[in-house]
2 protein chains.
Amino acid sequence: MGRVKLQIKRIENTTNRQVTFSKRRNGLIKKAYELSVLCDVDVALIIFSSSGRLSLFSGNKSIEEILARYINLPANRRGR
Amino acid sequence: MGRVKLQIKRIENTTNRQVTFSKRRNGLIKKAYELSVLCDVDVALIIFSSSGRLSLFSGNKSIEEILARYINLPANRRGR
DNA sequence: TACACTATGTATAACCT
DNA sequence: TAGGTTATACATAGTGT
């Protein structure tokens with residue numbers, strides 16, 4: 001999406017990488033929000049930037065509730 | 001995105017909701033993957049469908065590692 | 001350094017099979 | 001019901017300020 005087709009590999013230029021991170025993180029959170037509302041599902045999204053800053057999204061329920069729901073699954077139902 | 005502008009609210013028709021869920025879940029996971037690679041960041045994504053089925057994504061690290069990183073944050077750094 | 005713009009690539013709603 | 005197609009809306013890479 002954008003002026004040019006982008007290869008999916010690490011962006012080496014630090015400034016470009018940070019700008020892309022900021023834009024795409026916002027886009028990802030928006031998409032997660034839309035999925036949770038449109039389809040009425042629980043979504044939890046955790047992002048750590050390379051500087052260690054945390055970004056979170058969760059739908060109606062809190063992050064903690066959704067993580068607990070995951071953690072409490074029997075191990076054989078956690079695989080992807 | 002699509003033939004018509006979509007309101008962001010729960011899709012009432014069950015079939016449509018499931019179709020949209022399947023398509024958008026795939027799109028969301030793809031975007032999460034791209035963010036993790038392009039920007040070299042940790043992303044964890046947990047989705048429970050309305051029937052309780054689990055979808056997961058995480059980048060290089062395992063979901064468990066990323067969740068642990070979140071859970072181990074001091075409480076005052078967990079806010080969104 | 002951070003926003004705003006816009007040309008272009010991408011995701012997807014409705015349709016089709 | 002699931003998978004493929006396509007017209008259209010949306011996200012965003014590069015750019016400008």
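Residue numbers begin at 1 in each chain, while the letters A, B, ... track the order of the sequences.
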Answer yes or no: are there more than 12 heavy-atom neighbours, outside B:Arg53 itself, under 6.0 Å from its atom CZ?
no
Tell me whether the count of non-hydrogen atoms from other residues, nucleotides or ligands lying under 6.0 Å of CD in A:Gln7 goes above 12.
no
What integer distance in Å separates A:Met1:CE from C:dT6:C1'?
16 Å
So that I can tick it off, tell me whether B:Arg69 and B:Asp42 are bridged by a salt bridge, with the cut-off set at under 4.0 angstrom between side-chain N and carboxylate O.
yes
When you measure from the side-chain N and O atoms of A:Thr15 to the phosphate of C:dT1, is any distance below 4.0 Å, counting only OP1 and OP2?
no
Just by modelled atom types, is the B:Leu38 backbone N or O under 3.5 Å from a matching donor or acceptor in the A:Arg17 side chain?
no
Side-chain N or O of B:Lys30 versus OP1/OP2 of C:dA11: is the shortest distance under 4.0 Å?
yes
May I have the distance from B:Glu34 (atom CD) to C:dT10 (atom P), rounded to whole angstrom?
9 Å
I'd like to know if A:Lys23 reaches the base of D:dG14 with its side chain, counting only an N/O donor and acceptor under 3.5 Å.
yes
When you group the ILVMFWY residues by side-chain heavy-atom contacts below 4.5 Å and let the links chain together, are B:Ile29 and B:Val37 in the same group?
yes
Hey, is the side chain of B:Arg24 poking within less than 4.0 Å of OP1 or OP2 on C:dA13, counting only N and O atoms?
yes
Could you tell me how far apart A:Phe21 (CZ) and D:dA13 (P) are, to the nearest whole angstrom?
14 Å
Interatomic distance, B:Arg17 CZ vs C:dA14 P [rounded to whole Å]
15 Å
Mark yes or no for whether A:Asn16, through its side chain, and A:Glu12, through its backbone, hold a donor-acceptor pair below 3.5 Å.
no
Can you identify which nucleotide, out of D:dA11, C:dT10, D:dC10, has its nearest atom closest to the B:Lys5 side chain?
D:dC10
Polar side-chain contact B:Arg3-C:dT12 base: donor and acceptor under 3.5 Å:
no
Heavy atoms from other residues, nucleotides or ligands near CG of A:Asn60 exceed 12 (cutoff 6.0 Å):
no
Which nucleotide in the set D:dG14, D:dA11, C:dA13 lies at the smallest distance from any side-chain heavy atom of A:Val4?
D:dG14
Interatomic distance where CG belongs to A:Asn13 and P belongs to C:dT1 [whole Å]:
12 Å
Stems involving DNA chain C: give each as a range paired with a range, ordered by first number, where a stem means at least three consecutive Watson-Crick or G-U wobble pairs under 3.5 Å.
C:2-17 with D:2-17
Whole angstrom is fine here: how far is it from CD in A:Glu12 over to P in D:dA13?
16 Å
Quick check on DNA chain D: between A:Val19 and A:Asn26, whose nearest nucleotide comes earlier from the 5' end?
A:Asn26
Of A:Gln18 and B:Thr20, whose nearest nucleotide on DNA chain C comes first from the 5' end?
A:Gln18
To the nearest Å, how far apart are A:Ile29 CD1 and D:dT12 C1'?
16 Å
Separation of atom CG in B:Leu6 from atom P in C:dC15, rounded to whole Å
13 Å
